[in-house]
Number of protein chains: 4
Amino acid sequence: MRADAQRNRARVLEAAEEVLARDGLAASMRAVAELAGVGVGTIYRQFPTKEALYQAIVADRTRRLAERAAELAEGGDPGRALFTFFAMIVEHATTKKVFVDALSAAGVDPKAGSPDLRGPIETLLVRAQRAGAVRPDVGMPELLALLSAACLAAQQQGWDPGLRDRALAVVFDGLRTQP
Amino acid sequence: MRADAQRNRARVLEAAEEVLARDGLAASMRAVAELAGVGVGTIYRQFPTKEALYQAIVADRTRRLAERAAELAEGGDPGRALFTFFAMIVEHATTKKVFVDALSAAGVDPKAGSPDLRGPIETLLVRAQRAGAVRPDVGMPELLALLSAACLAAQQQGWDPGLRDRALAVVFDGLRTQP
Amino acid sequence: MRADAQRNRARVLEAAEEVLARDGLAASMRAVAELAGVGVGTIYRQFPTKEALYQAIVADRTRRLAERAAELAEGGDPGRALFTFFAMIVEHATTKKVFVDALSAAGVDPKAGSPDLRGPIETLLVRAQRAGAVRPDVGMPELLALLSAACLAAQQQGWDPGLRDRALAVVFDGLRTQP
Amino acid sequence: MRADAQRNRARVLEAAEEVLARDGLAASMRAVAELAGVGVGTIYRQFPTKEALYQAIVADRTRRLAERAAELAEGGDPGRALFTFFAMIVEHATTKKVFVDALSAAGVDPKAGSPDLRGPIETLLVRAQRAGAVRPDVGMPELLALLSAACLAAQQQGWDPGLRDRALAVVFDGLRTQP
DNA sequence: GATGAATGAGAGTTCATTCAT
DNA sequence: GATGAATGAACTCTCATTCAT
């Protein structure tokens, strides 16, 4: 791919995230193009469809999160690692507001359930359970469900850091091995 | 208001809920009108705007849920009452799928945070805390945040009853007074 | 159908014929709407698709021509009747220029082959053959082929009346019973 | 012109004919470029405009047909020569379907009237009339009109060989010296 | 000279909203 | 009061054409 094409692709993705965050699902391709400073045709060269653009955003973001998960899985306190990742991903959702629902409504699993992320998260969960930090009867489905729920609510209602901490504290307590 | 106008209002609200549930945000006024068996003009006579129609649905639904909360607050096990109401509202979200995001994306607070519901929920929470069934350091903000989160995720991802139970079990454990 | 809707439908059809004649296949719905003095939405209310509009024009025109054919079939010189109708239809194509190709390219049979017209034309042909005015070995397929050909060329190249007469004279001589 | 440029020009013309035949008027430059195995820019270097490309195709084809006409004019039965050429050109139109209308709709005279072909055809006509095979009162305008008509209809409606023969038989009979 | 990425006007179509019937 | 025909802005997407690489 040519250098300019690559640069434009990046600009489009960035702009699309921002516009999606502002306008939600109703975001128009024209708005994305204007923010990116390119013509609409340029977007369509890279992403044949509006939905394809959305999916590309998800994929991009998922990849970055998966990397962070892998890092966390390699060292330190297993329980802490899982909770840290959980909190991090929710914080992410808050920052890049509105984007989760846009995507999931577009038929894309919200990031947590996205295939690439399942593996890394499962690793974190299993490690935490082996270390006795998390109840052994908690499975991936409910963990992902809770994660998605927190992401959705955080971004849609704009959880501030304090609220996020308090809400997640409840969830983490529920996940912890009960004495 | 004339009798037929009142009947029409009810039919429109009912149809709007169903169409919203089916088509999500993209629901068109025409579709609502057709299902209700009225002309689009008739809708506009009652609801000046699409958004006004949505808000009316929320209000309608909120009112009914508030009634249920009040009933629950009057008798029985206080802890059980809170959790029952919590679960009930999430189940509701699953059934009337897609409608939460449609509304919240339209600028309407998801039902849980809606003013009319705050009071009844607070009553349930305070009672449960007084009875020692729920941790005293849990406040309304995080309770509502968790409730919204569960509703959003449940309806957007179609939580089945089993998943709902397991996910809520974690949250409820986190809310319960820790030994 | 309401009176105003009917009036608009007629205006749209008329405008569409004219625009099609001017711009050919590339005619835009917006151009039709502007000439008709209505909004584009008004067109779409009556004709769900650009192609549907085109087909409606064909149907309209076919119906009118079929009526003329029926009239001709009822009296007078059978040979003359066939040739008169043939010439009339070609003249028609010249006047309402470009519309034939627009339609046929849109997948619609050029008027001559259009189902409603087959019957009336066959009647004229058979009568002319029985009267000995037209060669008995000429069949409908080639008659329609020649008719279509003349229509297409007449409208696409704007045959003037003199040219039309001379070209059709050749065809008619070829159709006539050879001595 | 460099050798590779010349080769590209040929490839583009060939591809353009094929694409035009397949997609008709809606043929896109991109499709032509892809089939030719060149970039779109390469086409634009040789043909400043889409229409220029179309005209070049016509010119190319006309030149080849003119050569055939000249060959036919040199020997054999004059009447037969005219009719043979007439039939040949119509068959051509059938094979390279859709292309005639694409061109003529683009404002290009259908091949028969194209300047380069007028001369050769006139030669054939005059020879046939001198030999007494064709009526002396038939002029070039109506001959070209009939030829165009047959070409247009043949390609637009996909005349099969049998239909072509029967339709042309009528025209040829009309052209022949009447006893 | 060749390439194909970028452009942006313009295409068909939809839909919230208005208003004559 | 009810109706649904009319409106036209806005949408997604295409494609002839230009120009940096």
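For the numbers below, each heavy atom of this structure counts, side chains included, while hydrogens, waters and symmetry mates do not. Chain identifiers are assigned alphabetically (A, B, ...) following the order of the sequence lines, protein sequences preceding nucleic acid strands; residue numbering begins at 1 within each chain.
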- Message: Go nucleotide by nucleotide along DNA chain E from the 5' end; which of A/Ile43 and D/Gly37 gets its closest nucleotide reached first?
- Response: D/Gly37
- Query: Between E/dT3, E/dA9, F/dT17, which one does the side chain of A/Val40 approach most closely?
  - Reply: E/dA9
- Interatomic distance, D/Tyr54 OH vs F/dC15 C1' [rounded to whole Å]: 11 Å
- Check against salt bridge (charged side-chain N to carboxylate O under 4.0 Å, His left out), D/Arg11 and D/Glu34: CA-CA 11 Å; D/Arg11 282 165 65 185; D/Glu34 265 164 25; over 6 Å; no
- Under 6.0 Å from the CD atom of A/Glu14, do we count more than 12 heavy atoms belonging to anything else shown? no
- Query: Could you give the CZ-to-C1' distance, from D/Arg7 to E/dG1, as a whole number of Å?
  - Reply: 12 Å
- Query: Which whole-number value in Å describes the distance from B/Asp4 CG to F/dG1 C1'?
  - Reply: 7 Å
- Look at the side chain of A/Val38 and decide which nucleotide, out of F/dT12, F/dA6, E/dT7, has an atom nearest to it. E/dT7
- Both distances under 3.5 Å, Watson-Crick or G-U wobble: report the partner of F/dA9, or none. E/dT14
- Message: Return whichever of C/Ala5 or B/Gly39 has its heavy-atom-nearest nucleotide of DNA chain F closer to the 5' end.
- Response: B/Gly39
- Check every strand shown and say whether B/Ala27 touches a base, only sugar-phosphate, or nothing at a heavy-atom separation below 4.0 Å. sugar-phosphate
- Tell which nucleotide pairs with E/dT7, taking only Watson-Crick or G-U wobble pairs whose two distances are both under 3.5 angstrom. F/dA16
- Contact class for C/Thr42 vs. all strands (heavy atom < 4.0 Å): base, sugar-phosphate, or nothing? base
- Item | Non-hydrogen atoms of B/Val40 and B/Arg30 that approach each other most closely | CG1-CA, 3.9 Å
- Distance, rounded to the nearest Å, where C/Glu34 contributes CD and E/dG10 contributes P: 12 Å
- Message: Can you tell me which nucleotide in E/dA11, E/dA2, F/dA2 comes closest to the side chain of B/Arg45?
- Response: F/dA2
- Provide, to the nearest angstrom, the distance between the CG atom belonging to A/Leu53 and the P atom belonging to F/dC11. 15 Å
- Within this structure, what is the CZ-to-P distance between B/Phe47 and F/dA2, rounded to whole angstrom? 12 Å
- Of the candidates F/dA2, E/dA11, F/dA6, the side chain of C/Ser28 sits closest to E/dA11
- Between C/Asn8 and D/Met29, name the one whose nearest nucleotide on DNA chain F is closer to the 5' end. C/Asn8
- Query: Taking atom P of F/dA16 as reference, at what distance in whole Å does atom CZ of D/Arg30 sit?
  - Reply: 11 Å
- Message: Using side-chain heavy atoms (C-beta onward) and a distance below 4.5 Å, is D/His92 in contact with D/Leu65?
- Response: yes
- Ranking A/Gln46 and B/Tyr44 by the position along DNA chain E of their nearest nucleotide, the one closer to 5' is A/Gln46
- Message: Which residue in the set A/Arg2, A/Arg7, A/Gln6 passes side chain to side chain donor-acceptor pair (under 3.5 Å) when paired with A/Asp4?
- Response: A/Arg2
- Item | Given E/dA20, F/dA2, F/dT12, the nucleotide with the shortest approach to the side chain of C/Arg2 | E/dA20
- Message: Rounding to an integer number of Å, can you tell me how far C/Arg9 CZ sits from F/dA6 P?
- Response: 11 Å
- Counting side-chain heavy atoms from CB outward, which of E/dG12, E/dG10, F/dT17 is closest to C/Lys50? E/dG12
- CA sep, side-chain torsions, deciding dist, call: D/Thr42, D/Phe47, side chain to side chain contact (heavy atoms under 4.5 Å, CB included): CA-CA 9 Å; D/Thr42 305; D/Phe47 309 99; over 6 Å; no
